[in-house]
Amino acid sequence: GADARPAPTRDRGVDKTGVIKIIEDAIGEEIKARDFYKSIMAQLPDKGAQLKLEVMAKAEDEHRRILSGLYARLAGREYTPPIEKKEGYIRIEVPRRDARLADVVKVIYEAEERAYQFYKDAADKVEDPEEKKTFLKLAQMEKSHEEHFKEEYHTLVEDASIRFADEEIPWMIEAME
């Protein structure tokens, strides 16, 4: 029989409420990422590593600012984060307390990779060109963070590029009798 309902006008698009929900989730994650970087930063003795994480924390805060602006435009009010959110979070695996820097860097690039995917998916779901542009811009930012930290990780764990023969190692002389 003939279906009385009109054909849906958008195949995979989300409505305004859906977009607002995406933005709320994203803001929550950006705040979480910023706090995560600050927490790791406080534990690192290395000033260079601290600086990198401070730059990342500021970047995540900038993402939060961009999203808050979009939220205000759509919702007609400022975004106020809930006190605590139990579900809907993208899981960031917390490294063991005794994690090496390489472990932390891996957690970071994996989180950035998930953030990239989140924003890319969000861009696919929205129809408004301005919203799409914002999500694609955020996706690109996260992608560059991911690539940077992936490179950093390989530098930290990859020792195949350093070659030497056993006889070249100093202080391997037989102990004098």
Side-chain angles (χ1 to χ4, degrees), residues 2-44 49-95 104-153:
D3 200 340
R5 285 175 298 160
T9 50
R10 44 171 91 193
D11 53 331
R12 58 183 176 168
V14 291
D15 61 4
K16 187 173 162 182
T17 310
V19 177
I20 288 172
K21 170 84 175 91
I22 289 170
I23 296 168
E24 286 172 345
D25 288 346
I27 291 173
E29 289 307 310
E30 294 295 353
I31 291 169
K32 191 175 175 187
R34 178 201 64 200
D35 294 348
F36 177 72
Y37 293 140
K38 283 183 172 176
S39 155
I40 297 293
M41 192 179 106
Q43 300 173 54
L44 293 174
Q50 281 182 358
L51 192 64
K52 276 182 186 152
L53 286 170
E54 188 180 353
V55 167
M56 288 300 295
K58 283 181 177 158
E60 304 305 342
D61 214 37
E62 174 61 12
H63 299 175
R64 181 198 55 75
R65 200 188 58 72
I66 291 167
L67 288 159
S68 295
L70 185 59
Y71 181 90
R73 188 167 70 80
L74 283 170
R77 61 183 168 84
E78 288 295 309
Y79 174 75
T80 46
I83 305 303
E84 194 180 331
K85 203 166 167 197
K86 299 242 188 305
E87 54 183 317
Y89 271 128
I90 297 171
R91 174 109 175 84
I92 292 183
E93 57 189 82
V94 180
V104 174
V105 171
K106 186 172 194 279
V107 167
I108 290 171
Y109 87 68
E110 287 172 348
E112 295 294 330
E113 193 173 18
R114 288 189 294 270
Y116 162 75
Q117 201 54 60
F118 178 91
Y119 288 125
K120 207 169 144 336
D121 292 347
D124 287 342
K125 288 177 188 163
V126 300
E127 309 212 332
D128 177 76
E130 204 53 43
E131 293 164 13
K132 196 177 281 292
K133 195 174 124 191
T134 302
F135 287 134
L136 287 173
K137 176 184 169 187
L138 288 163
Q140 196 44 58
M141 291 164 105
E142 301 292 7
K143 187 63 160 172
S144 71
H145 297 163
E146 176 202 338
E147 286 165 357
H148 171 82
F149 280 95
K150 206 173 247 182
E151 204 172 289
E152 183 104 349
Y153 176 75

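What you are looking at is a predicted structure, and each value in this text was computed from that prediction instead of being measured.
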Does CD belonging to E62 count more than 12 external heavy atoms closer than 6.0 Å? yes
Trace of the salt bridge (Lys or Arg N to Asp or Glu O under 4.0 Å) decision for D35 with K38: CA-CA 5 Å; D35 294 348; K38 283 183 172 176; 5.4 Å; no
I22 vs K125 side-chain heavy atoms within contact, under 4.5 Å: yes
Taking C-beta and beyond as the side chain, do F36 and I108 meet within less than 4.5 Å on heavy atoms? yes
Of all the heavy-atom pairs spanning S39 and Q43, show the shortest one and how long it is. O-NE2, 3.1 Å
Nearest-0.5 Å distance, CE of residue M141 to CD of residue E60: 9.0 Å
Measure across D25 and F118 and return the closest heavy-atom pair with its distance rounded to 0.1 Å. CB-CZ, 4.1 Å
Is it true that K106 and E110 make a salt bridge, defined as a side-chain N closer than 4.0 Å to a carboxylate O? yes
Could you walk me through whether E131 and L74 satisfy the side chain to side chain contact (heavy atoms under 4.5 Å, CB included) test, starting with their C-alpha distance in whole Å, then the side-chain angles of each, then the deciding distance to 0.1 Å, before giving a yes or no? CA-CA 10 Å; E131 293 164 13; L74 283 170; 3.3 Å; yes
Taking all non-hydrogen atoms of both residues into account, name the closest pair between K132 and V126 and its distance. NZ-O, 2.9 Å
Nearest 0.5 Å, what's the OG1-CD distance between T17 and E24? 10.0 Å
For a side chain to side chain contact (heavy atoms under 4.5 Å, CB included) check, start with the C-alpha distance between K120 and Q140, then their side-chain angles and the critical distance, and finish with the verdict. CA-CA 9 Å; K120 207 169 144 336; Q140 196 44 58; over 6 Å; no
By ring pair (Phe, Tyr, Trp, His ring centres under 6.0 Å), Y71 pairs with (sequence neighbours left out) Y79
Residues that R73 engages under side-chain hydrogen bond (donor to acceptor under 3.5 Å, both in side chains), provided they are two or more places apart: none
NE2 on H63 to CD1 on I31, rounded to 0.5 Å: 13.5 Å
With sequence neighbours left out, the residues meeting side-chain hydrogen bond (donor to acceptor under 3.5 Å, both in side chains) with Q117 are D121
Heavy atoms only: give me the nearest L67-L138 pair and the separation to one decimal. CD2-CD1, 3.6 Å
Quick note, salt bridge (charged side-chain N to carboxylate O under 4.0 Å, His left out) partners involving residues 136-149, not counting sequence neighbours, are K143-E146, E146-K150
Taking C-beta and beyond as the side chain, do R64 and S68 meet within less than 4.5 Å on heavy atoms? yes
Please list, one pair per line, the donor and acceptor atoms closer than 3.5 Å that link side chains of residues 49-57 to other protein atoms, with sequence neighbours excluded.
| residue | atom | partner | partner atom | Å |
| --- | --- | --- | --- | --- |
| Q50 | NE2 | L44 | O | 2.5 |
| K52 | NZ | E152 | OE1 | 3.2 |
| K52 | NZ | E152 | OE2 | 2.9 |
| E54 | OE2 | K58 | NZ | 3.4 |

For F135 versus Y119, what's the shortest heavy-atom pair and its separation? O-CB, 3.4 Å
Checking Y116 now: which residues fulfil side-chain hydrogen bond (donor to acceptor under 3.5 Å, both in side chains) with it, not counting sequence neighbours? none
